[in-house]
2 protein chains.
Amino acid sequence: MTGIEEVAQAAGVSTATVSRALRGLPNVSTATRERVMREAERLGYVASPSASSLASGRTRTVGLLTPWVNRWFFANVIDGVERTLRSLGYDVLLYTFDVAGGAPRRRVDPAVLRRRVDGILVVGLPLDDDEVASLAALDHPLVFVGSGPAGHVTVRLDDDETGALATQHLIDLGHRVVGHITGVPDRVSSWSPPIGREAGYRMALADAGLEVDDSLVVNGDFDVEGGRSSVKELVRRRPDVTAIVASSDEMAMGAVLGARDQGWDVPGDLSIVGIDGHELGELVGLTTIAQDPYQQGADASLLLLDMLGGQRAPEVVTYPTELVARTSAGPPRPGEGPA
Amino acid sequence: MTGIEEVAQAAGVSTATVSRALRGLPNVSTATRERVMREAERLGYVASPSASSLASGRTRTVGLLTPWVNRWFFANVIDGVERTLRSLGYDVLLYTFDVAGGAPRRRVDPAVLRRRVDGILVVGLPLDDDEVASLAALDHPLVFVGSGPAGHVTVRLDDDETGALATQHLIDLGHRVVGHITGVPDRVSSWSPPIGREAGYRMALADAGLEVDDSLVVNGDFDVEGGRSSVKELVRRRPDVTAIVASSDEMAMGAVLGARDQGWDVPGDLSIVGIDGHELGELVGLTTIAQDPYQQGADASLLLLDMLGGQRAPEVVTYPTELVARTSAGPPRPGEGPA
DNA sequence: CTGTTAGCGCCTTCAA
DNA sequence: TTGAAGGCGCTAACAG
């Protein structure tokens with residue numbers, strides 16, 4: 001339990017000087033700084049985070065708010081965030097929020113975050129306006145990853161474009177009845193990724209003069225099981241569907257399983273396109289629109305640190321996206337669907 | 001920025017009483033407690049974690065040390081840990097450590113953890129004896145998940161048995177030359193899961209009177225790409241191999257891809273069994289030995305909390321494991337391999 | 001059951 | 001460039 005006092009004595013200086021020397025502040029002579037660092041090292045001294053937070057008002061901790069930690073996109077964003085922030089001396093505190101289908105999730109409580117973190121990263125968590133306002137009122141840097149409300153720093157894809165790209169790929173292959181598996185139907189926010197992707201899907205269909213109808217859109221809960229069951233529901237409603245755009249690869253892979261469950265061949269009977277670039281998509285030759293969540297997490301962290309340093313960050317950083325054409329999407333069978 | 005003082009004034013009591021009332025300590029009249037809680041609520045008061053940690057010596061934070069956050073097993077353990085601890089009022093601080101093939105990873109530094117966390121969870125991170133000793137010297141409750149050194153509380157599978165079970169399944173199907181894809185070759189610790197699984201694999205072969213040889217064992221780095229490339233290496237070395245046990249499903253799925261890359265049919269030319277129970281294994285009909293990492297994380301958290309409460313925890317909690325037979329493992333082709 | 005009084009360990013003026 | 005001193009906001013004895 002060596003404290004700053006012991007280091008000060010060992011180095012023959014005051015605690016104030018130890019504090020300055022160890023934190024790299026100016027106005028410490030090189031000789032003194034080196035001596036202090038040597039003694040601190042020798043004694044195994046590390047400042048108590050609580051004490052230094054209390055005194056300085058800074059925690060060197062970032063809060064990461066997210067609905068899931070074990071889904072592909074989220075796990076990779078978190079990985080990027082953690083490694084980036086840790087390498088720069090920041091801790092990452094995880095806060096998960098259930099956004100399961102039924103019950104409304106726990107609300108984001110700004111009071112808990114107030115003196116616990118220096119900055120906040122909201123990863124793929126749709127918030128209502130009050131929640132956003134209350135977080136912003138904390139007056140900590142705030143960065144959204146995946147999607148975010150207008151007026152706040154956000155690192156994201158162009159979801160509309162991504163949804164349109166996936167859909168256009170199917171249209172180009174000759175599909176005329178294209179369904180869509182979206183994520184959790186979110187009623188609290190107007191800016192979650194599945195909303196933009198669905199908009200892109202609808203836009204692409206409309207531009208091509210094809211049918212756009214609610215009967216073609218089902219919810220897949222953003223997971224494998226959801227994708228699997230939703231495809232059955234979709235096919236029940238619309239037996240004429242020949243292709244599907246899923247809002248995530250996990251749902252797309254679930255859709256492949258669901259198609260098989262009812263004896264449909266992919267892509268023979270049903271073409272499927274996902275969005276993400278999941279490593280395991282190759283197992284079923286999944287055609288997808290790939291993104292890089294690790295990089296988004298890393299960059300969002302850097303942006304947050306810039307803001308912590310008083311700099312202004314660009315409001316929106318849009319990430320590139322790339323079509324990876326494999327085998328889960330092909331031309332429709334001739335004679336299938338309406339002529 | 002309402003502090004305890006304001007709540008005390010509003011409720012007409014001292015700060016000590018506010019502190020007691022809000023933390024549910026005894027010796028506060030019901031009426032007083034309610035009044036305090038009401039005022040705290042009204043004023044949006046939440047105690048400053050730094051201040052209360054500094055004063056009490058407790059942080060209500062658990063450090064989670066892990067090599068990866070985006071691999072299946074780890075992501076699910078973390079999920080279980082986070083949700084369990086959060087629901088009980090504890091924060092989770094993430095610490096990742098690269099254990100990539102080449103360079104030695106950053107060492108675990110106990111000094112950093114000392115006054116930052118109340119307890120430590122080591123998830124699937126093999127440590128050398130010095131690191132274990134230095135963590136133990138912190139005198140915080142310490143729980144290992146996945147595997148751990150003798151003498152410390154560990155939540156895990158019976159890896160030997162699991163490896164043997166997977167291998168026995170292939171032997172029962174008639175295979176005589178069975179290869180193994182293990183995880184990162186770890187030279188710092190003697191107790192990581194792949195080590196136990198490999199031991200089980202060797203034991204099962206030996207018990208059946210079959211060949212056990214280093215040429216049959218390759219490293220797959222515990223990820224999809226590693227599994228994919230290692231299977232090619234294995235087949236190059238041992239063209240007579242007809243089946244493989246992989247130490248994780250991710251490597252097993254990679255192995256499926258690798259087999260396909262060289263035109264081998266699974267299970268026609270090569271049977272593959274994994275260990276984990278990954279949701280996406282079904283995409284390729286992966287036969288596997290399933291475990292439940294979410295539950296392991298949740299239970300390890302509870303154990304840690306018990307220890308924090310002064311209770312003694314059982315040294316080892318072993319989790320059940322279950323063979324999920326699908327289609328990636330079948331009988332060898334007649335005439336294939338040595339008679 | 002409640003209030004008073006010291007710190008917890010560090011950072012940050014301010015003065016030297 | 002350095003030191004002295006006063007908090008940061010809360011908890012933990014101890015009294016009452």
Side-chain angles (χ1 to χ4, degrees), chain A residues 1-37 39-40 43-61 89 91 111-118 138-139 308, chain B residues 1-37 39-40 43-61 89 91 111-118 308:
Chain A
M1 286 297 203
T2 58
I4 199 172
E5 185 73 33
E6 298 170 51
V7 178
Q9 289 197 332
V13 294
S14 70
T15 61
T17 298
V18 172
S19 178
R20 282 187 287 248
L22 259 24
R23 287 182 299 147
L25 296 189
N27 296 327
V28 179
S29 74
T30 311
T32 304
R33 190 187 302 275
E34 280 173 358
R35 188 152 30 90
V36 169
M37 289 174 68
E39 291 304 317
L43 297 168
Y45 170 74
V46 173
S48 152
S50 327
S52 92
S53 298
L54 183 56
S56 70
R58 273 167 258 114
T59 61
R60 289 195 78 82
T61 300
D91 282 332
V112 170
L113 295 169
R114 155 141 258 132
R115 325 189 222 207
R116 177 149 320 203
V117 301
D118 291 343
L138 246 30
D139 214 37
L308 235 21
Chain B
M1 286 294 205
T2 60
I4 198 172
E5 185 73 34
E6 298 170 52
V7 179
Q9 290 197 333
V13 293
S14 71
T15 61
T17 298
V18 172
S19 179
R20 284 186 288 250
L22 259 24
R23 286 183 299 149
L25 296 189
N27 297 324
V28 180
S29 75
T30 312
T32 303
R33 190 187 302 278
E34 280 173 356
R35 186 153 31 88
V36 169
M37 289 174 65
E39 291 304 318
L43 297 168
Y45 170 75
V46 173
S48 152
S50 327
S52 103
S53 299
L54 185 57
S56 70
R58 273 166 260 112
T59 62
R60 289 197 78 83
T61 299
D91 281 332
V112 171
L113 295 169
R114 154 141 258 132
R115 328 188 220 207
R116 178 151 318 205
V117 301
D118 291 345
L308 235 22

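In what follows, every chain begins at residue 1, and chains take the letters A, B, ... in the order their sequences are listed.
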So, is [X] near the phosphate of [N], with a side-chain N or O under 4.0 Å from OP1 or OP2?
| X | N | value |
| --- | --- | --- |
| B:Thr32 | C:dT2 | yes |
| B:Ser14 | C:dG3 | yes |
| B:Thr17 | C:dT2 | no |
| A:Arg58 | C:dT12 | yes |
| A:Ser29 | D:dT1 | no |
| A:Arg23 | C:dT12 | yes |
| B:Thr15 | D:dC10 | no |

Would you call B:Thr2 and B:Val7 a side-chain contact if the rule is heavy atoms closer than 4.5 Å?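 In short, these two side chains do not touch, never coming nearer than 4.5 Å.
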Proximity to the side chain of B:Leu54 - top-ranked nucleotide from D:dG9, D:dC10, C:dC10: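 Nearest nucleotide to the side chain: D:dG9.
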Counting heavy atoms from C-beta on, name the nucleotide in D:dT2, D:dG9, C:dT12 closest to the side chain of B:Ser48.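 Closest nucleotide to the B:Ser48 side chain: D:dG9.
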For [X] and [N], give me the distance from atom [atom1] to atom [atom2], rounded to whole Å.
| X | N | atom1 | atom2 | value |
| --- | --- | --- | --- | --- |
| B:Ile4 | C:dT4 | CD1 | P | 14 Å |
| B:Arg115 | C:dG9 | CZ | C1' | 7 Å |
| A:Asn27 | C:dA16 | CG | P | 18 Å |
| A:Leu25 | D:dT2 | CG | C1' | 13 Å |
| B:Glu5 | D:dG7 | CD | P | 14 Å |
| B:Arg114 | C:dG9 | CZ | C1' | 14 Å |
| A:Leu22 | C:dC10 | CG | C1' | 12 Å |

Interatomic spacing from [atom1] in [X] to [atom2] in [Y] - rounded to 0.5 Å:
| X | Y | atom1 | atom2 | value |
| --- | --- | --- | --- | --- |
| A:Glu39 | A:Glu6 | CD | CD | 11.5 Å |
| A:Asp118 | A:Asp91 | CG | CG | 10.5 Å |
| A:Thr59 | A:Arg115 | OG1 | CZ | 12.5 Å |

Take A:Ser56 and B:Arg35, find for each the nucleotide of DNA chain C with the closest heavy atom, and name the residue whose nucleotide sits nearer the 5' end.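 The residue closer to the strand's 5' end, by nearest nucleotide, is B:Arg35.
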For A:Gly3 and for A:Arg20, find the nucleotide of DNA chain C with the closest heavy atom, then tell me which residue's nucleotide is more 5'. A:Gly3
Touch check for B:Ala47, heavy atoms < 4.0 angstrom, all strands: base, sugar-phosphate only, or nothing? sugar-phosphate
Between A:Val13 and A:Arg35, is the side-chain contact (heavy atoms from CB on, under 4.5 Å) condition met? List the steps. CA-CA 10 Å; A:Val13 294; A:Arg35 188 152 30 90; 4.0 Å; yes
